[in-house]
Amino acid sequence: DGGITQSPKYLFRKEGQNVTLSCEQNLNHDAMYWYRQDPGQGLRLIYYSQIVNDFQKGDIAEGYSVSREKKESFPLTVTSAQKNPTAFYLCASSREQSSYNEQFFGPGTRLTVL
Amino acid sequence: AQSVTQLDSQVPVFEEAPVELRCNYSSSVSVYLFWYVQYPNQGLQLLLKYLSGSTLVKGINGFEAEFNKSQTSFHLRKPSVHISDTAEYFCAVSHAGNNRKLIWGLGTSLAVNP
């Protein structure tokens with residue numbers, strides 16, 4: 001079955017450590033996205049990528065970094081510069097050829113920084 | 001600039017009662033509209049979308065929504081809810097020219113009580 005996988009489901013890290021969240025898709029989608037979700041704040045876009053080896057900052061990119069070396073993979077690194085990293089992180093993808101940008105989501109990773 | 005307003009942050013309802021979750025948007029151009037559902041600690045799943053054509057859109061799990069261009073609304077309805085409909089519901093809008101971004105509402109938490 002085609003879909004998006006995110007691993008791990010739950011992640012714990014100590015303050016000051018960088019951590020990388022995995023996102024893989026086998027939908028053959030060109031575009032991929034990372035969102036952060038906090039209670040009552042909806043989804044906020046961190047980074048997105050429309051094509052391999054290219055990505056753009058979203059609304060809250062500070063303290064995060066991404067790479068897009070393969071079409072299937074879009075890992076997100078939460079750096080020690082992110083002041084409040086504890087949150088639920090969602091990865092999504094969409095067909096670049098689609099004009100309306102319907103996005104498909106992974107199951108999410110809940111990051112807790114202690 | 002585009003924006004999406006979900007008029008109710010929380011909607012409590014009894015099982016088998018009808019429900020309406022309200023969504024208004026602002027945009028100066030034609031839009032595409034989406035409703036997604038998120039069950040606790042999971043990713044988002046598409047309920048339905050409006051792209052063009054009939055203003056009444058039917059989705060999964062018995063939900064439907066009506067696009068009203070004059071009122072810039074896209075309200076979600078279900079005639080009889082079940083306990084299993086308890087979830088967070090998100091309204092989102094996009095158009096072809098917004099750099100592949102979806103603009104999200106803050107969500108409505110639907111609580112179905114027995």
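Scope of the values below: all heavy atoms of this structure, side chains included, with no hydrogens, waters or symmetry mates. The sequence lines fix the lettering, A, B, ..., with proteins before strands; numbering per chain opens at 1. Keep in mind that what you see is a predicted model, and the values were worked out from it rather than measured.
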**Message:** Under the criterion side chain to side chain contact (heavy atoms under 4.5 Å, CB included), I'd like the reasoning laid out for A/Phe88 against B/Gln38: C-alpha separation, chi angles, the key distance, then a yes or no.
**Reply:** CA-CA 12 Å; A/Phe88 191 53; B/Gln38 183 181 33; 3.6 Å; yes
**Request:** Report, by ascending residue number, the residues of residues 104-112 of chain B in heavy-atom contact with chain A at a distance under 4.5 Å; give 'none' if the set is empty.
**Result:** B/Trp104, B/Gly105, B/Leu106
**Prompt:** Quick one: do A/Phe104 and A/Met32 end up in the same hydrophobic cluster if we chain Ile, Leu, Val, Met, Phe, Trp and Tyr together by side-chain heavy atoms under 4.5 Å apart?
**Reply:** no
**Request:** Look at the side-chain heavy atoms of Ile, Leu, Val, Met, Phe, Trp and Tyr, link any pair under 4.5 Å apart, and say whether A/Tyr48 and A/Leu21 land in one connected group.
**Result:** no
**Request:** Give, for atom NZ of B/Lys101 and atom CG of A/Leu45, the distance between the pair rounded to the nearest 0.5 Å.
**Result:** 6.0 Å
**A/Ile4 with A/Tyr89, same ILVMFWY side-chain cluster at under 4.5 Å** = no
**Asked** Distance-only, no hydrogens or angles: does the A/Lys9 side chain make a donor-acceptor pair with backbone N or O of B/Asn41 under 3.5 Å?
**Response** yes
**Request:** Verify the cluster assignment for B/Val11 and B/Tyr89: are they in a single hydrophobic cluster under the rule of side-chain heavy atoms below 4.5 Å apart?
**Result:** yes
**Message:** Report, in residue-number order, which members of residues 47-75 of chain B are under 4.5 Å from chain A by heavy-atom distance.
**Reply:** B/Lys49, B/Leu51
**Request:** For A/Ile51, look at atom CD1 and say whether over 12 heavy atoms of other residues, nucleotides or ligands are found less than 6.0 Å away.
**Result:** no
**Message:** Is it the case that the side chain of B/Tyr36 and the backbone of A/Gln103 share a donor-acceptor pair, with hydrogens and angles ignored and the cut-off at 3.5 Å?
**Reply:** yes
**Item:** Portion of A/Asp38 that has a non-hydrogen atom of chain B nearer than 4.5 angstrom
**Value:** neither
**Item:** Segment of A/Leu43 engaging chain B (4.5 angstrom heavy-atom cut-off)
**Value:** both
**Complete:** For A/Gln37 and B/Phe90 the tightest heavy-atom approach is NE2-CZ, 3.3 Å
**Prompt:** In the single-linkage hydrophobic clustering (I, L, V, M, F, W, Y; side-chain heavy atoms under 4.5 Å), do B/Ile103 and B/Leu7 co-cluster?
**Reply:** no
**Complete:** If one checks every heavy atom of B/Gln45 against chain A at 4.5 Å, the contacting part turns out to be neither
**Asked** Where is the tightest heavy-atom contact between A/Leu90 and B/Gly43, given as atom of each residue plus distance?
**Response** CD2-CA, 3.7 Å
**Fill in**
Closest non-hydrogen contact found for A/Tyr35 with B/Leu102 is OH-CB, 4.3 Å
